[in-house]
Amino acid sequence: MIDILSQSFFRCPVLRVAPELLGKILVRTLPNGKVLKLRINEVEAYDGEKDLACHASRGKTERTVVMYEPGGVWYVYLVYGMYHMLNIVTGAAGYPSAVLIRGTEEVSGPGRLTKHLSIDTQLNAKKADKQSGLWIEDDWYVVSARAIQRTPRIGVDYAGTWAKKPYRFVYRKNK
DNA sequence: ACGATGATGAAC
DNA sequence: TTCATCATCGTA
């Protein structure tokens, strides 16, 4: 039994949604009809305007407006002029938060992941459903709470005390 | 350890 | 309109 994660799954506080995405399947359909499925094993939470590592800490701008949408849409942006970052927007309308999908069992690294799946800003603000060609499925793979490790987020040293918060979630395979 | 590479946002 | 910055990665 496979369920596509619905909008209601994402319309919850980001710190709750982020660890729940571990073990879920990221599914991408390419224009040529090929389907790619990767199991998410590394994510980070970005939590509102107060979070100095979150792009929305500078308020609503052209780029961050999508983070204020109700959960369930993609937030994709280009960083370092080269790499697209894939986030799923979470929470209620008006509260900017999102989960950065940093890695899967098959492909490590947020930049390598989007390159592998042909993800770019065309997907920004699109819903996570079959129509957009990018969504997340639950195949009831079990990730025990004990296997989940929390660490500070990567690459946000500029964010002061917020850089130290354990908003990165990874799970260690088996063991 | 460092350069590639371009959109973004804030300042001017 | 300029300019510093940046949720990375491959090469050295």
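Just so we're clear, the structure is a prediction, and the values are computed from it rather than from any experiment. All chains are named by letter (A, B, ...) in the order of the sequence lines, taking the proteins before the strands, and each is independently numbered beginning at 1.
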For DNA chain B, what string of dots and brackets results from 5' to 3' when Watson-Crick and G-U pairs need both distances under 3.5 Å, crossing pairs get [ ], and pairs with another strand get |?
||||.||||||.
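- With A:Ile136 as the fixed residue, the side chain to side chain contact (heavy atoms under 4.5 Å, CB included) test singles out one of A:Val27, A:Leu21, A:Asp129: A:Leu21.
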Report, as a single string ordered 5' to 3', how protein heavy atoms within less than 4.0 Å touch nucleotides 6-12 of chain C: B base, S sugar-phosphate only, - not at all.
BBBSS--
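- Remark: A:Arg150 CZ is packed, more than 12 non-hydrogen atoms of other residues, nucleotides or ligands lying under 6.0 Å away.
- We find that CG of A:Asn124 is positioned 9 Å from P of B:dT8, with the value rounded to whole Å.
- Counting only distance, with no hydrogens or angles, the side chain of A:Arg112 and the backbone of A:Val107 share no donor-acceptor pair below 3.5 Å.
- DNA chain C is contacted by no residue of residues 159-169 of chain A, taking any non-hydrogen atom closer than 4.0 Å.
- Separating the CG atom in A:Leu100 from the CZ atom in A:Arg153 is a distance of 10.0 Å, to the nearest 0.5 Å.
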Check: residues 72-82 of chain A side-chain donor-acceptor pairs under 3.5 Å, at least two apart:
{"unit_1": "A:Trp74", "atom_1": "NE1", "unit_2": "A:Leu134", "atom_2": "O", "d": "3.0"}
{"unit_1": "A:Tyr75", "atom_1": "OH", "unit_2": "A:His55", "atom_2": "ND1", "d": "2.6"}

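- Applying the 6.0 Å contact sphere to CD of A:Gln122 captures no more than 12 heavy atoms from other residues, nucleotides or ligands.
- A:Glu106 places a side-chain N or O within 3.5 Å of a backbone atom of A:Arg39 that can act as its donor or acceptor partner.
- The side chain to side chain donor-acceptor pair (under 3.5 Å) test applied to A:Tyr95 returns A:Asp47, A:Lys50, not counting sequence neighbours.
- Looking at A:Ser97, its side chain does come within 3.5 Å of a backbone N or O of A:Thr90 through a donor-acceptor pair.
- Applying the side chain to side chain contact (heavy atoms under 4.5 Å, CB included) rule to A:Ser8 yields the partners A:Ser6; only residues at least two apart in sequence or on another chain are considered.
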